[in-house]
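Here's the structure we're looking at; comments come further down.
Heavy-atom basis, side chains included; hydrogens, waters and symmetry copies ignored. Below, chains carry the letters A, B, ... as their sequence lines are ordered, and counting in each starts from 1.
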Amino acid sequence: MPELAEVEFFRRRWDPALGERIVAAEIHASARCCRGISPSALRRAAEGRRLLRSHAAAKQMAFVLEGGAWIGVHLGMTGELLCLPGDAAPGRHDHLVLRTSRGRALVFRDPRMFGRIQCWQGKGEPPWWAAIAPPILSPAFTPAALAAFLRRRARSPLKAVLLMQERFPGIGNWMADEVLWRAGLHPKAKAGRVGPRSLARLHAALREVCRDALRVIGKDWSDPPDSWLFNHRWEKGGRCPRTRGPLLRAAVGGRTTCWSPRRQVLGAERR
DNA sequence: ATTCTTGTTGCATC
DNA sequence: AGATGCAACAAGAA
């Protein structure tokens, strides 16, 4: 589920505990989500420290604690964060529970365990946080940078390219489809064949979808309007909100992809 | 029962 | 060397 805006939404779930002290960190050591870190390091980073602030970037979150300690969370496919009353017993898929001084339980829940917890302590940002690509909504995301990236991935379908986090941080399956639909580009179009006008539309659509998603879903997870492809992409017999024509679905770049064949015509990307 | 899934990684192949 | 494609990871829903 979690892409850019959903991650921003979940990040704020732990906000009620900002300023509170973590009194205990309960880790299900068997959980795959904690691969690569030691439970004791995570406990050292969390226990006895106050939660100062949190960040979201791409599909990741970071929670900053006193003393330069960081806890990183990637929600994977099915992860979520919850803030529960402190006496709540952890469920089967609650892999990390932070108990706070004011009686809250900050829970990382992830049935499918594709998510990941990281921790770090030191000066400045942890390397895994600093390595995240600059946001699509930042000035660094220029049409020229987009063009250069498409050239390098010339033989891949646009859909597969938009899922590459090193250039499109936070874009996931539904956002990629939404972007291509708004830009009027076919998901199977080769990245290397995108002409200047299509490039400009793709650049604009990327920024627009990020902005809209953060405003609508990131803020309070409201339902997106029916004018988005989002509301129709899984509907049986769903129709394109702009052309009223049928929507097609197929695997592109290994992922289920939905597009509107009347809007997104293969070959039109060359302009 | 079977097939699907809004993510990432590692490996084989081009 | 770098780009590309795909299986694997695991659980639950349809």
Side-chain angles (χ1 to χ4, degrees), chain A residues 1-11 28-37 56-61 72-81 90-95 108-118 128-129 131-133 136 148-182 187-194 206 209-210 212-214 216-218 221-224 228-238 247-259:
Chain A
M1 207 182 307
E3 302 178 21
L4 185 77
E6 292 94 337
V7 169
E8 168 61 19
F9 174 81
F10 280 126
R11 173 187 72 85
H28 293 199
S30 61
R32 217 178 79 92
C33 320
C34 292
R35 60 198 178 277
I37 62 168
K59 296 175 188 170
Q60 302 187 62
M61 292 171 279
V73 181
H74 192 303
L75 295 172
M77 197 88 100
T78 53
E80 63 176 316
L81 298 188
R92 184 153 92 90
H93 301 300
D94 296 347
H95 308 301
F108 167 64
R109 176 175 296 172
D110 182 14
R112 228 169 136 183
M113 292 200 286
F114 287 0
R116 169 170 227 146
I117 300 286
Q118 304 191 80
W128 40 262
W129 189 257
I132 297 173
I136 290 169
F149 192 78
L150 294 186
R151 261 196 310 278
R152 206 144 58 80
R153 310 294 181 156
R155 301 188 323 168
S156 290
L158 281 178
K159 171 62 184 277
V161 173
L162 288 186
L163 294 174
M164 295 177 177
Q165 299 299 296
E166 74 240 50
R167 179 45 75 188
F168 307 107
I171 298 291
N173 205 29
W174 80 255
M175 288 183 81
D177 284 0
E178 188 78 29
V179 165
L180 292 170
W181 175 74
R182 293 197 194 186
K188 291 182 183 172
K190 297 289 186 236
R193 314 187 70 168
V194 172
L206 276 157
V209 169
C210 288
D212 285 354
L214 285 170
V216 173
I217 296 170
W221 206 303
S222 8
D223 290 334
W228 295 15
L229 176 66
F230 184 94
N231 285 2
H232 313 276
R233 49 176 288 123
W234 292 120
E235 281 172 3
K236 215 176 159 174
L247 294 171
L248 290 183
R249 253 176 249 131
V252 182
R255 310 297 302 281
T256 299
T257 298
C258 175
W259 73 96

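Each of R255(A) and R155(A) was matched to the nucleotide of DNA chain B holding its nearest heavy atom; the match closer to the 5' end belongs to R255(A).
The partner of dA14(C), taking Watson-Crick or G-U wobble pairs whose two distances both stay under 3.5 Å, is dT2(B).
With salt bridges taken as basic N to acidic carboxylate O contacts below 4.0 Å, none links R249(A) and D177(A). The residues R153(A) and E166(A) are annotated as salt-bridged, a charged nitrogen and a carboxylate oxygen being separated by less than 4.0 angstrom.
As judged by a 4.0 angstrom heavy-atom cut-off over every strand, R249(A) is placed among residues making no nucleic acid contact. Within the nucleic acid shown, A154(A) comes within 4.0 Å of sugar-phosphate atoms alone, with no base atom in reach, counting heavy atoms only. Looking at heavy-atom distances under 4.0 Å, G172(A) makes contact with sugar-phosphate atoms alone, never a base.
The nucleotide whose nearest atom lies closest to any side-chain atom of R32(A) is, among dT8(B), dC9(C), dT6(B), dC9(C). Side-chain atoms of P157(A) lie closest to dG5(C) of the nucleotides dT8(B), dG5(C), dT6(B). For H74(A), the side-chain atoms get nearest to dG7(B) when compared with the rest of dG7(B), dT6(B), dA11(C). In the set dT4(C), dG7(B), dA11(C), the nucleotide with an atom closest to the side chain of M77(A) is dG7(B). The side chain of H93(A) lies closest to dA11(C) when the candidates are dT6(B), dA11(C), dT4(C). When distances are taken from the side chain of S156(A) to each of dT4(C), dT6(B), dT8(B), the shortest belongs to dT4(C). With dC9(C), dG12(C), dT6(B) as the candidates, the nucleotide lying closest to the side chain of F114(A) is dC9(C).
For dT8(B), the OP1/OP2 oxygens have a side-chain nitrogen or oxygen of Q165(A) closer than 4.0 Å. Contact annotation: R152(A) side-chain N/O to dG2(C) OP1/OP2 distance is not under 4.0 Å.
F168(A) has its CZ atom 18 Å from the C1' atom of dT6(B), to the nearest Å. Separating the CE atom of M175(A) from the P atom of dG7(B) is a distance of 10 Å, rounded to the nearest angstrom. Between the CH2 atom of W228(A) and the P atom of dT6(B) there is a distance of 18 Å, rounded to whole Å. The nearest whole Å value for the distance from the CG atom in L162(A) to the C1' atom in dT4(C) is 16 Å. Between the CG atom of D110(A) and the C1' atom of dT8(B) there is a distance of 13 Å, given to the nearest Å. When rounded to the nearest whole Å, the span between CG of L229(A) and P of dT6(B) equals 13 Å. One atom, NZ of K188(A), and another, P of dT4(C), lie 17 Å apart when rounded to the nearest Å. When rounded to the nearest whole Å, the span between CG of L150(A) and P of dA3(C) equals 13 Å.
The CD1 atom of I171(A) sits 11.0 Å away from atom NZ of K159(A), with the distance rounded to the nearest 0.5 Å.
Comparing dT4(C) with dT6(B), their C1' atoms are spaced 23 Å from each other, to the whole Å. Between the P atoms of dT3(B) and dA7(C), the separation comes to 14 Å (whole Å).
Note on ring orientation: taking the six-membered ring where Trp is involved, the planes of W174(A) and W228(A) are parallel (angle under 30°, cut-offs 30° and 60°).
Around the CZ atom of R155(A), the shell of radius 6.0 Å holds no more than 12 heavy atoms that belong to other residues, nucleotides or ligands.
Using a 4.5 Å heavy-atom threshold, the side chains of L158(A) and R193(A) count as separate.
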